Each structure stands twice: as structure tokens, then as C-alpha cells.
Participant: 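Have a look at the structure that comes next, please.
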Amino acid sequence: MIPIKSFSERRRHLAAQMQQGVAIVPTSPEQVRSRDAHYPYRFDSYFYYLTGFGEPEALLVLVAGAAEGEPRQILFCRDKDTEREIWDGFRHGPEAACAAFGFDEAYSISRLDEMLPKLLADQPAVYCALGQDSAWDMRVTGWINRVREQARSGVVAPTAIHDSRLLLDEMRLFKSVEELQIMRRAAEISTGAHRRAMRATRAGLHEHEVEAELLHEFRRHGAQAPAYTPIVAGGANACVLHYIDNNAELKSGDLLLIDAGCELDGYAADITRTFPVNGKFSPAQKDIYQLVLAAQAAAIAAVRPGNPWNAPHEAALRVLVQGFIDLGLCRGSVDAVIQSEDYKRFYMHRTGHWLGLDVHDAGEYKLGGDWRALQPGMTLTVEPGCYLRPADNVPEHFWNIGVRIEDDVAVTETGCEVLTAAAPKTVAEIEQLMQGCHG
Ligand code: GLY
Ligand code: MN
Ligand code: MN
């Protein structure tokens, strides 16, 4: 768990960078799934990062540059409501939330329109995530207009609107010790789920039955949800990058690609493993698998402080392209194939992304036009792949082989820590684990 004082430290840190002005950070609205049934609620990652408060209908206001030097930290949230709590469960209410989450002040969310114009009066700037939701943008500009209407009484309205995400993305990019602990646990639960899925897999099952094994393992260990819709893709389905139907029958002789990770206390794991449905790689499958594995090893070796963000991708790409040439899938030199992008027929995505509260986490990838340097505390995925579709003019023995191997890594002082190493990855590890199950 992240201690409550860490959330107020983050708020103070944000305010210190703003120097002056008011940050307005709302949480996500509840989403209707059908008629009056809702999707399970998920808070907004920025709001949660700054508050640790998980209820819907809440908003943070941070007033920087106060005379005493300390920012005003204000929470707006739902009122206590004994009638609604009978149906929907506990709500803190402003008073209890103020104490429990370390705020200076807390008010009913119903008072937003009354209080925001007052809080924005005589402030030079507003920090918010403009452009994310047009109804929300209208609301913020409405509050600013309400301040402008008071110009003849000498009240000055904010003249600048800054994107709060610029400052917050940079903060979120560097994970604290406590965040890393949660991410390690999310990784541990998720690697257990991949092992369980490998053990359960056999020909004749359907992809959704293997998906059920993953979900069972996530929930039984207390993960609140999958961090994203699991991809459980047998045979040709593995070549559809965002395949989520998960309804086909698994066939002996095919590979199964599983891209799945849980969300634990807000933090995502994101793992892909690819293995044979019958527990034994065919020679062609093994060729491609070993190639992707070698590309991933080269990429992971490039994750160390000071290396540019793109170094792991470039390392993986060179290994993959050399392999494509050796296997007769591409022609020419490595440099020429990279230059012509001919490899994109088989490897069309990049090798990773930041990972954290969002599976594709916040954070700039370039600074001043250049790939930024990796630094301790950053967490990212390393996920090369290879997808061989018949339509791409590949020899028949390679048809419909789709392989991706994805791990989560944290940059350390000396290199990196692979958070998801417990999910079997070498051919020998996978065949050994599955052998026990296929006899
Ligand atoms: N599971 C989403 C991704 O790998 O980026
Ligand atoms: Mn990923
Ligand atoms: Mn993934």
C-alpha cells in the first residue's frame, strides 16, 4: 500500500512546480454498460495518483502559491447518504475523507459550481487536462467565465490554462519504492496466472477456457481486474495484434499467444507468453520462437540507465531482422531491411511502452526532439514479436506462427530488474512445465 502521506507529498510536489495557480483534477465518471448497469468502476489514474481516493464523483483542487507556502489541498466528493449506501455501499463523505486522505479541506461535490469560481478568483493560471472530455472543458471554462463576470468588482480571472498532464506525467514516470512493490506483486500474480494457463492448455479446449484460468488466478490473489482485456489467441489468431474474441478451439500443432496481466491497487502488469498447445514446439515454431527470445534478450540487455528509450527497440530489431534474413523471409543487409522497413510485414509494432497506473503509462518518450535517457525508477515493457501470415508471402511451414514475448522491467542503478521473470520463457522451461500436464 502507498502511505497516505505519499499522496500529499505528491500534491505538494505538483504545487511546488506550478508555483502559482490552481490545479483541477477530476476522477473518471462512472460508465453505463447497458441501460442501468455500469461497468466496474475505475478511477482516473491522475486523480488516484494524487489522492489515493477511489470513489467516483470526486475532484481535487490544489491551490499553489498560498501565502504560508503550503498549497491548499481540497477534495470534493460525494456526501454521506445512508439511503444510497444501503444500495451501493460505503461513501466516506467530505468530513471522513478529509481526515482519512490527508486533505486540508473537503466539500460536497454538489458545491463545485458555487466554489470553483471563488477558488479561481485572482489566480493567474489554471492547470487541468483540457481536451480530454469536451463536457468537462466546458465546465472549467464556465467557471473561468464566472470569474471574468466579476471584473468590474476588481476580481481578476486566470489568463493562462496549462496542461496539468505535463507535470504529472513526469512525476508518474519515476516509480517510488512503494509503487515498485505493488508492481512486483502485480507481476507475481500475473506470472502465476501465465503458469496456470500453460498447465491448463490442451487441444480441444477453447481460448475462453484458458482466459478463465487467468481471470481466476488474478481474482483469487486479490487483483481487482485484468489491466486490459486479455488476448488468448490460438493459431492464426496470434497474428491479429489486438485479438480479444477468445472463442476459438485450440488445436494440437498450433501455438497459443497469451497477452494478459492483472491490475493490483491501480498498477498494471503486462505479460505475453507464447507456447505450443500440445506442449512441444515444432521445428518451424522453435525457429521463430528462439529468434524472438534472442531479440528480447538483446532488448533487455539494452535497458540500463543512460541508454536512450529507443535502444531496446533498436537492439531487438537488429536481431529480428538478421533472423528474417537468415530464414529467407527478407532479403538484403540488416541495414537495408531496416531502412526499407520490409521487416514491418512481420514486426509492425514497437518493442515497449511505459508501464504503471495505466498499461500504456504516462510519460514522454522524447525530450527536446531526442529519445530520452532511461533512468532508475522508470518501468517499461519489453515485447518483441513476429507474426507470419500467409498473405505476406511466407513459406508454408511458417504460416500463422505468431509469437510475442513480453516482460515488465524496472530500470535500476546498474541495469534493470525483470519483474515478470517467473513466467517460463525458454523452450526448455515451457516444454518441461507443460510435459507434466500432457504426460
Ligand atoms: N497488452 C497491451 C500491450 O502489450 O501493449
Ligand atoms: Mn505491452
Ligand atoms: Mn501486452
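Atom set for the values below is all heavy atoms of this structure, side chains included, hydrogens, waters and symmetry mates excluded. Nothing fancy with the numbering, it's 1 onward along the sequence. Whatever order the structure lists ligands and atoms in, that order sets their numbers, starting from 1. Predicted, not measured: the structure shown is a model, and the values here were computed from it.
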Participant: Round to 10° and report the angle made at the Mn ion (ligand 3) by OD1 of D259 and OE1 of E406.
Facilitator: 100°

Participant: Going by the order shown, which atoms of ligand 1 are within less than 4.0 Å of some heavy atom of Y228?
Facilitator: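 The list of qualifying atoms is 1 (N).
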
Participant: Is R318 salt-bridged to D335, cutoff N-O under 4.0 Å?
Facilitator: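 Here R318 pairs with D335 in a salt bridge, since their nearest N and O are under 4.0 Å apart.
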
Participant: Compare all side-chain heavy atoms of H92 with those of F90 and state whether any distance is below 4.5 angstrom.
Facilitator: yes

Participant: Quick check on R404 - does any of its heavy atoms sit under 4.0 Å from an atom of ligand 1?
Facilitator: no

Participant: Aromatic rings F47 and F53: how do their planes relate, parallel, tilted or perpendicular, breaks at 30° and 60°?
Facilitator: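 Plane angle over 60°, so perpendicular.
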
Participant: Checking the N or O distance criterion of under 3.5 Å, is ligand 1 in contact with D259?
Facilitator: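 Yes; at least one N/O pair falls below 3.5 Å.
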
Participant: Nearest to the Mn ion (ligand 3), which N, O or S atom of D270 do we find?
Facilitator: OD1

Participant: If we ignore angles and hydrogens, is there a donor and acceptor under 3.5 Å between the side chains of Y228 and H242?
Facilitator: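 No donor-acceptor contact under 3.5 Å links the two side chains.
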
Participant: Using 0.5 Å steps for rounding, measure from the CG atom of L329 to the CD1 atom of I288.
Facilitator: 6.0 Å

Participant: Ring centroid separation for Y347 and H349, is it under 6.0 angstrom?
Facilitator: yes

Participant: Which atom name would you report as the N, O or S atom of E383 nearest the Mn ion (ligand 2)?
Facilitator: OE2

Participant: Hey, do the aromatic rings of F275 and H194 have their centres closer than 6.0 Å?
Facilitator: no

Participant: Quick one: does D270 get within less than 4.0 Å of ligand 1, heavy atoms only?
Facilitator: yes

Participant: Near the Mn ion (ligand 2), is there an N/O/S atom from H353 that is less than 2.8 Å away?
Facilitator: yes

Participant: Could you tell me the residue and atom name of the protein heavy atom closest to atom 5 (O) of ligand 1, and the distance to it rounded to 0.1 Å?
Facilitator: H360 NE2, 2.7 Å

